[in-house]
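Owing to the predicted nature of the structure, the values given are computational and were not obtained by experimental measurement. Heavy-atom basis, side chains included; hydrogens, waters and symmetry copies ignored. Just so it is clear: chains get the letters A, B, ... in the order the sequence lines come, proteins before strands, and each one is counted from 1.
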Number of protein chains: 2
Amino acid sequence: MADEALSAGATARRLGVAVTTLRTWHQRYGLGPSQHVPGHHRRYTSADLVRLDIMRRLTAEGVSPAEAARWARRASDDTVPGGASVRAGSRGVRDGGGTAIPVGRAGPAARGLARAAMRLDTVAISETITRSIATDGVVRTWDLLLRPVLVGIGERHAATAALIEVEHLFSRCVSAAFAAVVAGRPAPAAPPRILLSCADEEQHSLPLEALAAALAEAGVSHRMLGARVPVSALLDAIGRTGPAAVVIWSHIRFTADAAQLTALLTAPRRPLLVLAGGPGWQAETLPAGVIRPVDLAEAVALAVAVRDSLDQAAAS
Amino acid sequence: MADEALSAGATARRLGVAVTTLRTWHQRYGLGPSQHVPGHHRRYTSADLVRLDIMRRLTAEGVSPAEAARWARRASDDTVPGGASVRAGSRGVRDGGGTAIPVGRAGPAARGLARAAMRLDTVAISETITRSIATDGVVRTWDLLLRPVLVGIGERHAATAALIEVEHLFSRCVSAAFAAVVAGRPAPAAPPRILLSCADEEQHSLPLEALAAALAEAGVSHRMLGARVPVSALLDAIGRTGPAAVVIWSHIRFTADAAQLTALLTAPRRPLLVLAGGPGWQAETLPAGVIRPVDLAEAVALAVAVRDSLDQAAAS
DNA sequence: TGCAAGATGCGTCGATTGATGCGTCGATTT
DNA sequence: AAATCGACGCATCAATCGACGCATCTTGCA
């Protein structure tokens, strides 16, 4: 095979970790180049890289580094089981620390995802998200996996003004995963009766995309306008499509202009239901007639209810 | 050209290096005259000179000599990074050949797409785009179908300050379609060596997503940071992952700060290739060493050229 | 709920390694 | 005779080494 032995730096870059981390893995876990003279430079052969890749994959799936290294050291081939089963085998192991993104008690899966994000490991991120959606559904994936990581990134970002590239790359993967869910559903016969839109100036559309994916998963078709929708454009869209329900998302107070909601309520062909989603909205300032779902699950439930009632009305 | 074989000394002088260095390059990197009898004098043909010139240029740009030599050796018939032109990759990428005004099949399709957009008909939009990508590939879909529609929407949008919701919804559909292309490819074994990023403050990422999809279509993996990436974050990502090529997209002049490019070029372990994409960049203001692809097809071709660039390992 | 203990990633520092360009030398080619 | 060859060695400098410590996360427990 190609005796293309990589230097320590090149290997670290490949994995998305620091050179010191690589050295630490060698010292703490015995996970280093197969042959290495102390004091000399490390050269990672392709066999070593395979081992490190196991390490990468397992830690991205939430296995603690110590445990992952144990597997990587033993198994030289792809005889390594998935992260879930490995995790199941080791309970009560301490984990976490370093420059990790805080995910609190959200669980190993979230921690692994956070680690993959720090390494800018697009592949691992996307795989994890996709698998979680397939297993647990969009809502649980959002609440238990993605949101903790996003919040963690946000906190870190606010504290140290770093990690912007991590946040962007991660958001992109999330967005793509949700888009895949939406695209994966067959086109419904009936035109969508639910309109999703961000508030004016509102840039964060990820939660709304989560809602869109959740709706698609539940078989509810919708129309998604996306971020930064001016009121006039929103009213225009409503006038043109006459949705039964409208969800307006506001992430920060600044974008939560209650006048937008009032405009919807007083619009010709006003939607049956107006939902104000997101932490931006203040309960007191909402005009009467606006519903404020507390979380994603409730929003989905409301939307499903709307769909069902419409179906019944159409059937009778 | 056949008669003009330079001696070792002349060649060395031409390159500005010592004669011994030339000999060293031959021994250490195998970068010598195409035919040479051991013990006899070396005669460098023009083809050899081309190879040596690549070596010189790359090392002058800060690329490690071992890596540069690998490139020079491999790129005897291919063209090189930093060179004026690179032949379009043949496999998987369709060339943007007939650069005529969209007629024939693209004309009606674009019109239909625009109409679907005005209708806010998500399903029809997505279907049309997906079909076009499957049939004509990403590059042609972008150039002949999507871009005309986007430009059309943009023009009217600017004139009437309306249609914002149309633009958003359409952009989402395009984005989702591109994401599907990227997600549809199997995960490559090697980590991505190409980094895509918007310039600082730059909000338009759709063209970059088109590039990402085109790369995925061509089997080239990449990392996509997305819109509004500050320089520090970009440099951080580069330092962490050491990509072989970086594409910076700027849509409008305001975001086309050449200092960003300079920062990339002077960064430690700078990428082999720095591409400045988008209409924001002015050719005159670009620092030397930055390549400015004129269209999507050329950008893809350039990226393909560095696809399997070896990592910057220590020389053997 | 709050806190101590363990786990982990990585920045820093002085010393060392290793890649690279090139000068030198005796022999050989042109 | 001039230029070059192959071999050897040397100076230089970026990359890396080993050790240490720090900041921060997670977990068990009060």
Are A:T141 and A:D136 linked by a side-chain donor-acceptor pair shorter than 3.5 Å?
no
Taking atom types as modelled and ignoring hydrogens, do the side chains of B:R70 and B:S64 form a donor-acceptor contact shorter than 3.5 angstrom?
no
Quick check: any donor-acceptor pair below 3.5 Å linking the side-chain of B:R23 to the base of C:dG21?
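Absent.
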Measure from [atom1] on [X] to [atom2] on [N] and round the result to the nearest Å.
{"X": "A:R119", "N": "C:dT8", "atom1": "CZ", "atom2": "P", "answer": "12 Å"}
{"X": "B:R269", "N": "C:dA19", "atom1": "CZ", "atom2": "P", "answer": "17 Å"}
{"X": "B:H41", "N": "D:dT4", "atom1": "NE2", "atom2": "P", "answer": "7 Å"}
{"X": "A:L6", "N": "C:dA19", "atom1": "CG", "atom2": "P", "answer": "14 Å"}
{"X": "A:R28", "N": "C:dC10", "atom1": "CZ", "atom2": "P", "answer": "11 Å"}

Can you see if the side chain of [X] gets near the phosphate of [N] - specifically, an N or O under 4.0 Å from OP1 or OP2?
{"X": "B:R43", "N": "C:dT29", "value": "no"}
{"X": "A:R13", "N": "D:dA15", "value": "no"}
{"X": "A:W25", "N": "C:dT8", "value": "no"}
{"X": "A:T99", "N": "D:dC25", "value": "no"}
{"X": "A:Y29", "N": "C:dT8", "value": "yes"}

Determine the contact category for A:P38: base if any of its heavy atoms lies under 4.0 Å from a base atom, sugar-phosphate if only primed atoms, P, OP1 or OP2 are that close, otherwise nothing.
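Contact class for A:P38: sugar-phosphate only.
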A:H251 vs A:H204 aromatic rings, parallel, tilted or perpendicular, using cut-offs 30° and 60°?
parallel
From the options D:dC5, C:dC22, C:dC10, select the nucleotide whose nearest atom is closest to the side chain of B:T21.
C:dC22
Can you figure out which of D:dG18, D:dT26, D:dC17 approaches the side chain of A:Q27 most closely?
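My answer, after comparing the listed nucleotides, is D:dG18.
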Under 6.0 Å between the ring centres of B:H36 and B:H41?
no
Want to settle it: does A:H40 or A:P65 sit nearer the 5' end of DNA chain C, counting the closest nucleotide to each?
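Looking at the nearest nucleotide for each, A:P65 comes out on the 5' side.
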